[in-house]
Enquirer: 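There's a structure below that I have some questions on.
Source: prediction; values computed, not measured.
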Amino acid sequence: MPSKKSARLAALTVAAVCSAASTVVLTSPAHADSVRVRDVQGTTRISPYAGKQVTDVAGIVTGIRTYGSSRGFWIQDPDADADPATSEGVFVFTSSTPKGVAVGDAVTVSGTVSEYVPGGTSSGNQAVTQITRPTVTVVSSGNPVPAPVVIDAGSVPDAYAPQGDPAANNSVNGLPLRPSAYALDLYESLEGMNVRVADARVVGATDPYTELWVTVKPDENANRRGGTVYGSYTAQNTGRLMIQSLGKAADFPDANVGDTLTGTTTGPLDYNQYGGYTLVANELGTLRSGGLERETTRKQKNGELAVATYNVENLDPSDDTFAAHAAAIVNNLRSPDIVSLEEIQDNNGATNDGTVAADRTLTALTDAIVAAGGPRYDWRAIDPVDGADGGEPGGNIRQAFLFKPERVTFTDRAGGDATTAAGVVRERGKAALTVSPGRIDPANEAWKNSRKPLVGEFAFRGRTVFVIANHFNSKGGDQGLTSQYQPPARGSETQRHLQATAVNTFVKEILTVQKNADVVALGDINDFEFSGTTKALEGDGELWSAVKSLPRGERYSYVYQGNSQVLDQILISPSIRRGCDFEYDSVHVNAEFHDQISDHDPQVLRFRP
């Protein structure tokens, strides 16, 4: 999957919709007939006061945000009503760093109520109710902050979200909140309020933006390494919650999956563009290590062919991760015979000057593998047309094969280039490629602005093995699980389904010529093992995703928003599957760790051709 770092950094610089500075006034208390916070929040996701002026909304300051584009503070009414659907907290957007207010101040706020959608309306995200262009009156200081609402396994429903209103494009915005029935309704009913989680297990490692994910449901689809596994579109794992901090970034813990935030983590409940509902902590629990270690697969036996896929995350010669990637290939993957690499960038990375060759990148990696004590791999790749394959602009990412020439032979067939389609012919009664390495149907619209599959013909112990390296279209642009649209739309699937069909069609051509051909299609499929993409790739049995041979708790290669999930897969033809003489391993070395060198875990298949 192409890196999302640059896009996110750009998004973080975008100013919020309202930019007028706040005014703090020391004056008299609120009037008795003032609008209350609960009135501003209402019983749906959209405030009944949206776009209107409100006067003297009273509350206690519970948290102050002094960084980012959404600066301001939260207030909470200490006198809650009996309606669980109405939040007693709200965010006051000040644009610049709030001055003249402190946590524990009793204030009244006058201003305009707005519904701010993090990421913009096109993102599909839910809106955050705010009071903007505020005039703030400090009534008193040093007041106790309202007691936090505890979020735990007993309070969060198992159902994730209601079905959206078909008349409103499946939006849930107009539906009455039912916090006892749906997890997203519960979180929305607490928006802006002081909340608490206790002894929460980390299910998504700390990332560069100083945020992590915990679960308040420790038994919810848990695996042996401490993660929460995402196994279907209808089991979204309701106990997941993002944690950020109102403190210094340097004080935020470096957490891995399986660690625990012990004690209590307390602060206002916000809604974040990159993960939905977020506990922004005034008080952060103490990190207790779960002792998670990186996995090592076993070495292939003499008669086994080991084939791996590894997304090296936009690797180019300017990176400082070559030694670490080499160590992972040599020590953790035990030097597979064939490695499909995804996200190999050209020789000058993101510099957009027409360079497409990646020989320096691949030579640097193979040299680093030797330096790490590994074999001297040979490699094959095809340079793309400049700017035609998506990914980071200027990077020209592509797939590449590494292989150990003392163990396998690459069958070179001349003529393969960025625009020539590989074909299948019969040679001495067996299937053969017309070009090797080659690309599969590169002119197909399925590959527009996306990586074209790389196919190669290998020989191992006298038997031909066809390997297809893939990097399908990313999930960028899909609506998130916490979207206002339920179920969320997965628009990126359309292109992946076309890509899967194109690869399956090519595999059918091989199997039509040679029914018992050994075919391995692998790579960053950018979709789940239960997805329509995988079903289209498997076709009518031409391929089968071997990750499904693992126990459900082991089926993941990526951790996103606290969900351990499958994106990287190795699919096999019937001749490999039929004898059940294969072994699959998802080697967890990256996705669960805060110091990852890639956001993907490599996958290894061992089998006897």
Enquirer: Any side-chain donor paired with an acceptor under 3.5 Å for Q569 and S545?
Expert: yes
Enquirer: Determine whether the aromatic ring centres of residues F530 and Y233 are separated by less than 6.0 angstrom.
Expert: yes
Enquirer: If only side-chain N and O atoms count, and only distance matters, is there a donor-acceptor pair under 3.5 Å linking Y560 with Q565?
Expert: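 Result is no, nothing qualifies.
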Enquirer: Is there a donor-acceptor contact under 3.5 Å linking the side chains of T262 and T260?
Expert: no
Enquirer: If we ignore angles and hydrogens, is there a donor and acceptor under 3.5 Å between the side chains of E220 and T238?
Expert: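 A pair is found: one side chain offers a donor N or O, the other an acceptor, under 3.5 Å apart.
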Enquirer: Is there a side-chain contact between L481 and Q236 (heavy atoms, below 4.5 Å)?
Expert: yes
Enquirer: In terms of side-chain geometry, is the basic nitrogen of E295 or R224 positioned less than 4.0 Å from the acidic oxygen of its partner?
Expert: yes
Enquirer: Does the side chain of V103 come within less than 4.5 Å of V145's, by heavy atoms?
Expert: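 The answer is yes; the side chains approach within 4.5 Å.
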Enquirer: Assess, by modelled atom type and distance only, whether the side chains of S47 and E115 contain a donor and an acceptor separated by less than 3.5 Å.
Expert: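 There is no such pair (donor and acceptor under 3.5 Å, judged by atom type) between the side chains of S47 and E115.
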Enquirer: Counting C-beta onward and ignoring hydrogens, is there a side-chain heavy-atom pair between S564 and Y558 closer than 4.5 Å?
Expert: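 Contact flag for S564/Y558 side chains = no.
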Enquirer: Is there a donor-acceptor pair under 3.5 Å between the side chain of T43 and the backbone N or O of A85?
Expert: no
Enquirer: Nearest 0.5 Å, what's the CG-CD1 distance between N143 and I60?
Expert: 4.5 Å
Enquirer: Counting heavy atoms not belonging to R288, are there more than 12 under 6.0 Å from its CZ?
Expert: no
Enquirer: Are D599 and N590 side-chain neighbours, meaning at least one heavy-atom pair lies under 4.5 Å?
Expert: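 Heavy-atom side-chain distance check fails, nothing below 4.5 Å.
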Enquirer: Can any side-chain N or O of T228 pair as donor or acceptor with the backbone N or O of V203 at less than 3.5 Å?
Expert: no
Enquirer: Can you tell me if N311 uses its side chain to pair, donor with acceptor, with the backbone of E313 under 3.5 Å?
Expert: yes
Enquirer: With side chain to side chain contact (heavy atoms under 4.5 Å, CB included) as the test, pick out the partner of T108 among V138, V136, T137, V57.
Expert: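 Going through the options one by one, the only one that passes is T137.
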Enquirer: Is a side-chain N or O of Q561 found less than 3.5 angstrom from the main chain of Y274, in a donor-acceptor match?
Expert: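 Side chain of Q561 to backbone of Y274, a donor-acceptor pair under 3.5 Å: yes, one is there.
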Enquirer: For residues 70-86, which residue pairs qualify under salt bridge (Lys or Arg N to Asp or Glu O under 4.0 Å), counting only residues two or more places apart or in two chains?
Expert: R36-D77, R38-D77, R38-D81
Enquirer: Give, for atom CG of L550 and atom CZ of R555, the distance between the pair rounded to the nearest 0.5 Å.
Expert: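 Between atom CG of L550 and atom CZ of R555 there are 7.0 Å.
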Enquirer: Would a 4.5 Å heavy-atom cut-off, applied to side chains only, mark I64 and P98 as touching?
Expert: yes
Enquirer: Is a side-chain N or O of D105 found less than 3.5 angstrom from the main chain of V107, in a donor-acceptor match?
Expert: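 Checked: no pair found.
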Enquirer: With a 4.5 Å heavy-atom cut-off, do Q484 and V117 have their side chains touching?
Expert: no
Enquirer: Extract all donor-acceptor atom pairs below 3.5 Å that involve side chains of residues 248-258 and protein atoms in other chains or at least two apart in sequence.
Expert:
residue, atom, partner, partner atom, Å
N256, OD1, H594, N, 2.9
N256, OD1, H594, ND1, 2.9

Enquirer: Taking atom types as modelled, is there a side-chain donor on T112 or Q53 under 3.5 Å from an acceptor on the other?
Expert: yes
Enquirer: Is it true that the side chains of N282 and T266 contain a donor and an acceptor less than 3.5 Å apart?
Expert: no
Enquirer: Can you spot which of Y271, Y160, Y187, Y277 makes a side chain to side chain donor-acceptor pair (under 3.5 Å) with T482?
Expert: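 Of all the options given, the one that passes is Y271.
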Enquirer: What pairs of donor and acceptor atoms, side-chain ones from residues 148-155 against any protein atom, are under 3.5 angstrom apart with sequence neighbours left out?
Expert:
residue, atom, partner, partner atom, Å
D152, OD1, G154, N, 3.1
D152, OD1, S155, N, 3.0
D152, OD1, S155, OG, 3.2
S155, OG, D152, N, 2.9
S155, OG, D152, O, 3.0

Enquirer: Minimum heavy-atom separation for P157 and P179, please, with both atom names.
Expert: CG-O, 3.4 Å
Enquirer: Aromatic contact between H588 and F593, with the criterion being ring centroids under 6.0 Å apart: yes or no?
Expert: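 When the ring centroids of H588 and F593 are compared, they turn out to be at least 6.0 Å apart.
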Enquirer: For Q479 and A489, indicate whether the former's side chain and the latter's backbone hold a donor-acceptor pair under 3.5 Å.
Expert: yes
Enquirer: Using a strict threshold of under 4.0 Å (side-chain N to carboxylate O), is an ion pair present between R552 and E529?
Expert: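 Judged by the 4.0 Å cut-off on N to carboxylate O distance, E529 and R552 do not form a salt bridge.
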Enquirer: Side-chain contact, heavy-atom cut-off 4.5 Å: F73 with T94?
Expert: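 In contact.
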Enquirer: Has the side chain of N470 got a donor or acceptor atom that lies under 3.5 Å from a matching backbone atom of G523?
Expert: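 Looks like no, no N/O pair under 3.5 Å.
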Enquirer: Just verifying a value: how many Å separate F528 CZ and N563 CG, rounded to the nearest 0.5 Å?
Expert: 8.0 Å
Enquirer: Sort and list the pairs that fulfil salt bridge (Lys or Arg N to Asp or Glu O under 4.0 Å) and have at least one residue in residues 257-278, not counting sequence neighbours.
Expert: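 Only R65-D270 qualify under salt bridge (Lys or Arg N to Asp or Glu O under 4.0 Å).
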Enquirer: Calculate, to the nearest 0.5 Å, the distance between atoms CD and CG belonging to E592 and D601 respectively.
Expert: 6.0 Å
Enquirer: Looking at CG of N272 and CG of N125, how far apart are the two atoms once the value is rounded to the nearest 0.5 Å?
Expert: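 The distance works out to 8.5 Å.
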Enquirer: Return yes if a side-chain donor-acceptor contact under 3.5 Å exists between Q76 and E88, otherwise no.
Expert: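 No, because no side-chain N or O of Q76 sits under 3.5 Å from a partner of the opposite role on E88.
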Enquirer: Is any side-chain heavy atom of T286 closer than 4.5 Å to a side-chain heavy atom of L261?
Expert: no
Enquirer: Could you tell me the separation between the CG atom of N473 and the CD atom of Q495, rounded to the nearest 0.5 Å?
Expert: 4.0 Å
Enquirer: Tell me if a side-chain donor or acceptor on T278 pairs with a main-chain N or O of V280 at a distance below 3.5 Å.
Expert: no
Enquirer: Using a 3.5 Å distance criterion without hydrogens, assess whether the side chain of Q130 forms a donor-acceptor pair with backbone atoms of F91.
Expert: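 Side chain of Q130 to backbone of F91, a donor-acceptor pair under 3.5 Å: no, none is there.
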Enquirer: Just grab all the salt bridge (Lys or Arg N to Asp or Glu O under 4.0 Å) pairs involving residues 184-196, residues at least two apart or on different chains.
Expert: R45-D185, R196-E283
Enquirer: Run the side chain to side chain contact (heavy atoms under 4.5 Å, CB included) test on I525 and L537 for me, step by step, so that the C-alpha distance in whole Å, both residues' side-chain angles and the decisive distance to 0.1 Å come before the verdict.
Expert: CA-CA 10 Å; I525 304 304; L537 191 50; 4.0 Å; yes
Enquirer: Enumerate the salt bridge (Lys or Arg N to Asp or Glu O under 4.0 Å) contacts for residues 477-496, please, sequence neighbours excluded, ordered by first and then second residue.
Expert: R490-E493, R496-D527
Enquirer: Can any side-chain N or O of S474 pair as donor or acceptor with the backbone N or O of G476 at less than 3.5 Å?
Expert: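 Indeed, once roles are kept as given, a pair shorter than 3.5 Å links the two residues.
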